[in-house]
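Below is one structure; the comments refer to it alone.
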Amino acid sequence: MLKQATPLRLRNKLFLSLLLLVCGGTHSQAQTLDPSKNFEVACIGFYNIENLFDTLDTPNVLDTEFTPQGEKNWNTEKYYHKLRNNSRVISEMAMEITPDGVAVLGLSEIENRQVIEDLIKMESLKDRNYQIVHYDSPDRRGVDVALIYQPKYFKVTSTKSYPLTLPNDTSFKTRDQLLVTGDLLGERIHFIVCHWPSRRGGEARSAPLRMAAALLSRHIIDSLATADPAAKVILMGDLNDDPTNKSITKGLNACGKINKLKPGQLFNACEESYRKGIGTLAWKDSWNLFDQMILTQGLVDNTNTFADFRFYKFK
C-alpha cells in the first residue's frame with residue numbers, strides 16, 4: 001500500500017518542442033508547412049530531466065539523498081535505469097518530423113557534466129553525436145542547466161553563464177542562466193536556458209526571487225537586442241511560474257497573443273496552451289505550466305524563418 005503524507009508535485013511527461021523552419025524564399029507567418037517547399041527543419045526542445053544525479057557525495061553540495069547512504073538508496077543500478085529511460089525519451093523526440101530527432105535540447109536538473117556525458121553515450125543516443133554546453137552553478141543542491149546539440153545542425157560560436165545574485169542577500173545561491181549563441185541552419189540564434197528559483201516557502205514569499213530571475217533573463221535579451229535589434233532569441237526552461245504570472249508578463253514583458261505584440265515584447269509560445277488547461281506538472285490537483293519557451297519577435301515575424309510550437313507527451 002502506498003502512503004502519502006504530503007502532497008506531491010508530479011511532472012507530466014511533456015517535452016516542449018519548437019519546430020524551426022528556415023527557407024530561402026518568403027512566406028507568411030500563417031503559411032502551413034508545405035513539403036514541396038525548400039525548407040530546412042530543425043527541432044529545438046527543452047526537457048526537465050528531474051534530478052539526474054550521480055551516486056557520489058559531492059563536498060559542500062546537498063546531494064546526500066542521491067547516494068547509496070541517502071534516503072533514496074541511490075545506486076549505480078538506479079542511476080543507469082534513469083539514464084536508459086531518459087535517453088529513450090530524448091531519442092523519440094520529434095522523430096515524426098525529422099529522422100535526426102531534436103537538434104538542440106535545453107536540460108535542467110542535471111548535477112554535472114559527467115551525467116550528461118553518460119546520458120548522450122547511451123545506446124539510443126550515441127549515434128546522434130550530441131555535444132554539450134555546461135557550466136557548474138552555485139546551486140545548493142548542485143543542479144545545473146545545460147544544452148546539448150547536434151553539430152550537423154547547430155554551430156556554437158559563443159557561450160556564457162550568468163549568475164543570479166541578490167544585493168540584499170549575499171548567501172543566496174541558485175542556478176546560473178546559460179546563454180549559447182550559434183548558427184542554426186545558417187541563421188544566427190541565441191538560446192537562453194533557465195531554471196528559475198522554486199516556490200519553496202510558498203508562491204507569494206518566493207515570487208521576488210523569480211522576478212529577479214526574470215529581470216536577469218530580460219537583461220540578457222536586451223543586451224543581445226542592443227547589438228542586433230532583430231536578434232533571434234529563444235528563452236527556454238523551468239521558470240517555476242505560469243505564463244500569466246508577473247515574472248513572465250511584467251519581468252520578461254512576454255505576451256501570448258502573437259498579433260498583439262508591442263515593440264520590445266516577447267512572444268510566449270506557451271500561454272495559449274496554458275489557457276486551454278495544458279500543464280507540465282500538477283500540484284494539489286491543479287495543473288501548472290512552468291516549462292516554457294519564449295521568443296523574440298525576430299523569430300515570429302521574419303521572412304526567412306518561422307516557428308511552430310507544440311507539446312509531445314510520452315508514456
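No side-chain heavy atom of I192 sits under 4.5 Å from any side-chain heavy atom of L178. Counting heavy atoms from C-beta outward, Q177 and S161 have side chains that stay 4.5 Å or more apart. The side-chain heavy atoms of N86 and Y47, taken from C-beta on, include a pair separated by under 4.5 Å. Between T296 and H190 there is no side-chain heavy-atom pair separated by less than 4.5 Å. Put simply, the side chain of S108 reaches to within 4.5 Å of the side chain of F46, judged on heavy atoms. For the pair D57/D63, a side-chain contact is recorded, criterion being any heavy-atom separation below 4.5 Å from C-beta on. Side-chain contact between R128 and S91 is present, with at least one heavy-atom pair separated by less than 4.5 Å.
Between the side chains of T159 and Y135, at least one donor N or O sits under 3.5 Å from an acceptor N or O. There is no side-chain donor-acceptor pair under 3.5 Å between N240 and S198. Side chains of N51 and R141: a donor-acceptor N/O pair is present below 3.5 angstrom, by distance only. Counting only N and O atoms by type, the side chains of D118 and Y79 include a donor and acceptor under 3.5 Å apart. A donor atom on one side chain and an acceptor atom on the other are not found under 3.5 Å apart for T55 and T67. Residues D136 and N112 have side chains that never bring a donor and an acceptor to within less than 3.5 angstrom of each other.
Ring geometry, F53 versus F66: the interplanar angle falls under 30°, so the pair is classed parallel (tilted spans 30 to 60°).
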Might you work through the side chain to side chain contact (heavy atoms under 4.5 Å, CB included) test for N129 and K152, ending with a clear yes or no? CA-CA 9 Å; N129 190 31; K152 66 182 291 184; over 6 Å; no
Using the side chain to side chain contact (heavy atoms under 4.5 Å, CB included) rule, take N85 and H81 through it: C-alpha gap first, then chi angles, then the decisive distance, then the call. CA-CA 6 Å; N85 285 344; H81 179 73; 3.2 Å; yes
Report the C-alpha separation of K155 and D183 in whole Å, then their side-chain angles, then the decisive distance to 0.1 Å, and conclude whether the salt bridge (Lys or Arg N to Asp or Glu O under 4.0 Å) test is met. CA-CA 5 Å; K155 310 295 183 185; D183 295 324; over 6 Å; no
As a quick check of understanding, evaluate salt bridge (Lys or Arg N to Asp or Glu O under 4.0 Å) for R199 and D241, giving each step before the final call. CA-CA 8 Å; R199 293 188 171 189; D241 265 341; 2.8 Å; yes
If you apply the rule side chain to side chain contact (heavy atoms under 4.5 Å, CB included), what do you find for I248 with I294, and how did you get there? CA-CA 9 Å; I248 313 295; I294 298 173; 4.0 Å; yes
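Among the candidates L215, D176, T174, the single residue satisfying the side chain to side chain contact (heavy atoms under 4.5 Å, CB included) test with L164 is T174.
The OG1 atom of T249 lies 8.5 Å from the CD atom of E271; values are rounded to the nearest 0.5 Å. Once rounded to the nearest 0.5 Å, the distance linking OH of Y130 with OH of Y149 reads 12.5 Å.
L239 and Y162 fall within a single hydrophobic cluster, where Ile, Leu, Val, Met, Phe, Trp and Tyr are joined by side-chain heavy atoms under 4.5 Å apart, directly or via other members. Criterion: ILVMFWY side-chain heavy atoms under 4.5 Å apart, direct or through other members. Under it, L295 and I220 are not part of a common hydrophobic cluster. L179 and M236 fall into different hydrophobic clusters, where Ile, Leu, Val, Met, Phe, Trp and Tyr residues are linked whenever their side-chain heavy atoms come under 4.5 Å apart, directly or through other members. The hydrophobic cluster containing I110 also contains L83, counting ILVMFWY residues as joined when their side-chain heavy atoms lie under 4.5 angstrom apart, directly or transitively.
The neighbour count for D169 CG, taken as heavy atoms of other residues, nucleotides or ligands under 6.0 Å away, is above 12. More than 12 non-hydrogen atoms from other residues, nucleotides or ligands lie less than 6.0 angstrom from CD of Q131. Remark: K173 NZ is loosely packed, at most 12 non-hydrogen atoms of other residues, nucleotides or ligands lying under 6.0 Å away.
The minimum heavy-atom distance linking S247 with A214 is given by the pair O-CB, 3.1 Å. The shortest heavy-atom contact between N73 and K78 is O-NZ, 3.2 Å. Across all non-hydrogen atoms, the minimal contact from Y153 to V41 is CE2-O, 3.5 Å.
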